[in-house]
Amino acid sequence: MKLLFPFFIFFVVIYLFYKNKLNADLAGLLILGLSFLLLISNNNFIIYFLADILSIQYIPLAIIACSIAIMFCLCIYLAVIINDTRKRQIHLVRMLAQLKLNS
Amino acid sequence: MKNLIFIPSYNDQAELSKLIEELIYVDTQNFILVIDDGSDTPLVNVNISDRVIFFRIPFNAGIGVATNIAMDYAIINKFNYFIRIDADGQHHPKYVNQILKNLKNLNADMIVGTRINHKSYGNLRNALATIVKLHMSFLLNKISTTKLNDWSTGFFALNQLAIEKLAVFSYDRYPEVELYLRAAEKELKIATLDIFQLKRNEGNSSLNLLTSVKLLIRFYLILIRYCIERVRKL
């Protein structure tokens, strides 16, 4: 069950990349983040360590997981927006190039 | 018959004018399109001939975008052949004629210039790069219908059919792997030409540890996408 969320997000990232909604560089970054999430969510030592440095007395794993989930959703949303903006920018550059080269 | 020789350039001023001079006088059918991919110092337009065209992208968009612009230009102006050569002088201009000859004689849609000396174990950086390239080639040759010894070479030639089929895709930074995979996916006839890569006289490779990791991640993503598309086709 622990692995469900990272795998779900992994498939979302792959799907968005496949549908050309996500730039390869950004998708790569998110996959690296997911690997990190996978590592910390499966390692008690890291969770206890994080709880300790954040002074959390009772380790609310679910809350931490939810926070990370929300953060990731936001990151993906931002990445899609950035990708969309870049695609528009590239489209404009290609149009500008054709106008200039064929004038 | 018109040939478009496309030279993408990013901070490669030193060797460029020499390369253009060598290419332009080889054949009167050669037209050269130099795309400055947002170099720190803008390229100086060398007015050697009317057959040399310069274009500067205002920011560093990546070779993929420059390749798209060049392909669009080749289609609009009905060029018969499209050749990409690096601006840093690592590809000898003599191979341009050979690659064109092979394209015509072998009746191929695409010729990929395979570097026979691209494997190097001289220092840690080169050894790592070679291992990564070997790993990529191994996987690509297993999965793709095309078999190449060098999947990251930037020297290739296309005929009109290949230009039209490959121009529909948008390419990103370091587009070589994606371009060759797309060519395989579009069932283009691909052949190879063995070339000897010269030493870089000036400037450094843009590849470092971080970009290599990013490239490797992107490579896996492209590979996954290719596999999904192949499975969907079945």
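Remember, it's a predicted structure, so these values are computed and weren't measured experimentally. The chains referred to below are lettered A, B, ... by the order of the sequence lines, with proteins before strands, and numbering in each begins at 1.
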Heavy-atom pair count under 4.5 Å with chain A, highest-scoring of B:I35, B:I57, B:I76
B:I76
B:S170 versus A:R94: any side-chain heavy-atom pair under 4.5 Å?
yes
Between A:N102 and B:Y73, is any pair of side-chain heavy atoms under 4.5 Å apart?
yes
Is B:F59 atom CZ crowded by more than 12 heavy atoms from other residues, nucleotides or ligands, each under 6.0 Å away?
yes
Can you tell if the side chain of A:I14 reaches within under 4.5 Å of the side chain of B:R225, non-hydrogen atoms only?
no
What part of B:L216 lies closer than 4.5 angstrom to a heavy atom of chain A: side chain, backbone, both or neither?
neither
Between chain A and each of B:L33, B:N68, B:I53, B:V65, count heavy-atom pairs under 4.5 Å; write down the option with the most.
B:N68
Measure the CD-CZ distance between A:Q98 and B:F55 for me, rounded to the nearest 0.5 Å.
8.5 Å
Using non-hydrogen atoms only, which part of B:Y220 is less than 4.5 Å away from chain A: side chain, backbone, both, or neither?
neither
In the structure I gave you, are the side-chain heavy atoms of B:D172 and A:R86 within less than 4.5 Å of one another anywhere?
yes
Count the heavy atoms belonging to other residues, nucleotides or ligands that lie under 6.0 Å from NE2 of A:H91, then report whether that count exceeds 12.
no
Decide if atom CD of B:E22 counts as having more than 12 heavy atoms of other residues, nucleotides or ligands within a radius under 6.0 Å.
yes
Could you tell me which portion of A:L101 (side chain, backbone, both or neither) has an atom closer than 4.5 angstrom to a non-hydrogen atom of chain B?
both
Checking heavy atoms, do the side chain of B:I224, its backbone, both or neither come under 4.5 Å from chain A?
side chain
Would you indicate whether A:K100, at its atom NZ, is surrounded by more than 12 heavy atoms from other residues, nucleotides or ligands within a distance under 6.0 Å?
no
